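Down below is the structure, laid out as structure tokens.
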Amino acid sequence: MKIPPVKGTRDFYPPDMAVRNWLIDGWKKVSVRNGFEEYDGPIFEYLKMFQIKSGDEIVEQLFSFKDRGGRDLAIRPEITPTLARMVNQQINSLPKPIKWFSVPRLCRAERPQKGRLREFFQWNIDIIGVDDVLADAEVIFCALDYLRDVGLTPDDIVVKISSRKLLAAVLKEIGVPKESLDSLYALLDKKNKLPPETFEKMLNEQLPDSEMAGKIRAFMGLETISQIEEMFGRQEAFDEIVTLMDWLNRMGVGDYCKFDPSVVRGLAYYTGIVFEIYDKASELRAIGGGGRFDDLLKQFGGTDIPATGFGIGDCVLSILLEEKGLLKTRPQQLDYFVACVDESFRDAVIEVTMRLRSNCFASNFSYKAVKLSKQLKQASDQNAQKCIIIGEEFKDNQLLVKDMVAGEQKTIEVDKFFAELKSLV
RNA sequence: GUGAAAGUAGCUCAGUCGGAUAGAGCACCGGGUUGUGGUCCCGGGGGUCGCGGGUUCGAAUCCCGUCUUUCACCCCA
């Protein structure tokens with residue numbers, strides 16, 4: 001019986017795995033050089049952990065199950081609740097600020113489509129315990145540090161930045177009642193994702209006052225902070241976003257960043273700076289996004305401590321990098337391939353190979369003592385840097401070492417060869 | 001969860017007014033007489049045409065269902 005892979009999942013054959021490793025190694029490397037430490041949690045948690053932050057409707061998007069003790073559990077669709085739980089558990093003993101990162105494997109029971117699968121990897125970084133906007137800048141820098149490192153330029157991607165505080169202030173200025181804010185955020189978040197007519201219709205439904213609706217529409221279309229100041233007067237939240245932009249410029253990533261009031265983020269828990277990273281052509285869904293969530297740890301039963309962070313998934317990013325020709329792989333690398341001219345040298349092949357391996361050199365050999373030309377082909381296929389050819393000269397304790405890149409070869413005494421290797425390690 | 005399109009070898013695809021042993025390129029395996037790879041030449045294996053049912057003398061081809069993929073919704077933590 002043939003069993004197909006589960007809907008929305010991927011098999012990682014060695015070439016795919018090489019790409020995945022390259023991608024994730026890059027995330028980890030950049031996290032570490034930005035001063036973040038890696039953490040991880042279990043891949044399943046209590047179902048209710050995921051309801052605290054996102055509500056009941058999210059349960060439909062979860063892979064959930066009962067364990068044998070009747071506990072309601074779910075495979076993690078995000079790692080932020082786990083982060084909150086872990087931080088809260090040891091809040092008093094953790095040195096502040098907490099700068100942690102993780103690359104969790106996540107599952108969401110959504111309908112797969114371009115750039116969205118049911119199982120994926122997501123790079124998360126978070127700074128907990130700093131309410132300075134500098135931390136938001138550092139988080140954005142960290143994302144761009146990676147994206148720039150892999151070769152994406154300001155012509156390829158843009159970080160659209162706004163502020164929940166600013167949005168709240170403007171909506172208050174406009175006269176929107178406080179109780180309509182959350183549902184309005186959800187709608188505004190969709191502005192660029194819906195056809196204009198549909199957005200208009202939904203906006204009018206939520207906000208019958210046409211004067212208010214008009215002002216909101218005008219606000220969403222603004223491109224600079226000073227325009228907002230002209231239209232709505234100076235707001236306290238301005239300083240914060242001006243400072244953020246200033247930091248990003250000083251950090252050298254200002255040309256990737258753009259103020260954009262239409263960035264809202266759908267989730268209710270964001271409290272300050274919010275941002276989303278898009279491909280410049282806007283043909284793909286968001287590459288990633290994040291923002292400040294100062295109340296979240298408290299909601300998870302912890303202390304009142306500020307936090308900011310982001311998440312970037314592997315699916316959309318891979319598509320973009322592939323399109324730009326920037327996707328690299330890290331294929332199999334062999335230091336040595338040990339070949340022999342005929343069957344009589346098989347024992348020597350095994351002996352030499354294992355000795356190389358014991359000295360920490362990646363080495364391989366052919367199970368069948370096929371023709372030397374075939375063995376060399378295998379060596380090429382496996383990207384061996386060098387080949388050791390064992391033939392008649394082995395009887396005089398000599399090895400033939402062939403450089404597969406340069407094509408040169410030389411004979412060397414066995415003991416001398418291994419002595420030189422040791423000095424290399 | 002809703003709607004649309006697609007599914008033929010490991011991959012990219014050809015093949016349908018319904019007709020005989022279903023093809024190509026790439027990949028894979030083997031060979032090209034003495035101990036040298038990344039090129040070339042020759043040969044080979046591999047498909048119950050996604051799966052199940054129906055119509056028909058006969059189905060890869062037509063119809064229905066189902067699964068998967070892709071696209072658009074819902075959603076996007």
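Note that the structure is predicted; figures quoted are calculated from it, not measured. Values below: all heavy atoms of this structure, side chains included; hydrogens, waters and symmetry mates excluded. Lettering of chains follows the sequences in order, A, B, ..., and the numbering in each one begins at 1.
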Legend entry - Toward the 5' end of RNA chain B, by each residue's nearest nucleotide, G407(A) or V6(A): G407(A)
Inset, instruction - On RNA chain B, check which nucleotide each of E408(A) and D381(A) is closest to and give me the residue with the more 5' one. - result: D381(A)
Classify the side chain of [X] versus the base of [N] as yes if they form a donor-acceptor pair under 3.5 Å and no if they do not.
X       : N       : value
R108(A) : rC76(B) : no
S380(A) : rG37(B) : yes
K114(A) : rU70(B) : no
R285(A) : rC75(B) : no
E393(A) : rG35(B) : yes
Q375(A) : rU36(B) : no

Counting just side-chain N and O atoms, does [X] come under 4.0 Å of either OP1 or OP2 of [N]?
X       : N       : value
K371(A) : rG32(B) : yes
K386(A) : rU36(B) : no
K377(A) : rG38(B) : no

Inset, instruction - Give none if rU36(B) has no partner; otherwise give the nucleotide forming a Watson-Crick or G-U wobble pair with it, both distances under 3.5 Å. - result: none
Classify [X] by what it touches in the nucleic acid, base, sugar-phosphate, or nothing, heavy-atom distance under 4.0 Å.
X       : value
R265(A) : sugar-phosphate
G8(A)   : sugar-phosphate
L106(A) : nothing
E392(A) : base

From C-beta outward on [X], which listed nucleotide comes closest to its side chain: [options]?
X       : options                   : result
K368(A) : rG30(B), rC73(B), rU36(B) : rG30(B)
R111(A) : rG37(B), rU70(B), rU2(B)  : rU2(B)
S373(A) : rU70(B), rG37(B), rG35(B) : rG37(B)
K402(A) : rU70(B), rC75(B), rG37(B) : rG37(B)

Inset, instruction - Kindly assign one of parallel, tilted or perpendicular to the pair Y39(A) and W100(A), based on the angle between their ring planes and the thresholds 30° and 60°. - result: tilted
Inset, instruction - Using the six-membered ring of F12(A), assess whether NZ or CZ of R20(A) lies under 6.0 Å from its centre and within 45 degrees of the ring axis. - result: yes
Legend entry - Lys/Arg cation over aromatic F418(A): R355(A), 6.0 Å, 45° cone: yes
I'd like the [atom1] distance from [M] over to [N], given in whole Å.
N       : M       : atom1 : result
rU66(B) : rG58(B) : C1'   : 25 Å
rG45(B) : rA5(B)  : C1'   : 35 Å
rU12(B) : rC71(B) : P     : 15 Å
rG46(B) : rC13(B) : P     : 25 Å
rA14(B) : rC57(B) : C1'   : 29 Å

Inset, instruction - Using atom types as modelled and distance alone, determine if a side-chain donor or acceptor of T303(A) lies under 3.5 Å from a backbone N or O of I305(A). - result: no
Inset, instruction - Check for a donor-acceptor pair, side chain of R118(A) on one end and backbone N or O of E110(A) on the other, with a separation under 3.5 Å. - result: yes
Inset, instruction - Salt-bridge test for R10(A) and D16(A): reply yes if a basic N is under 4.0 Å from a carboxylate O, no otherwise. - result: no
Inset, instruction - Check the distance between rU36(B)'s P and L399(A)'s CG and give it to me in whole angstrom. - result: 18 Å
Legend entry - Value in whole Å for how far the P atom of rG37(B) lies from CZ of F365(A): 22 Å
Legend entry - Partner residues of F365(A) under the ring pair (Phe, Tyr, Trp, His ring centres under 6.0 Å) criterion, sequence neighbours left out: Y367(A)
Set out, line by line, the N/O atom pairs under 3.5 Å between protein and nucleotides 43-47 of chain B.
none

Legend entry - Check: D396(A)/Q398(A) side-chain N/O donor and acceptor closer than 3.5 Å: no
Inset, instruction - Report yes or no: do T308(A) and D136(A) form a side-chain donor-acceptor pair below 3.5 Å? - result: yes
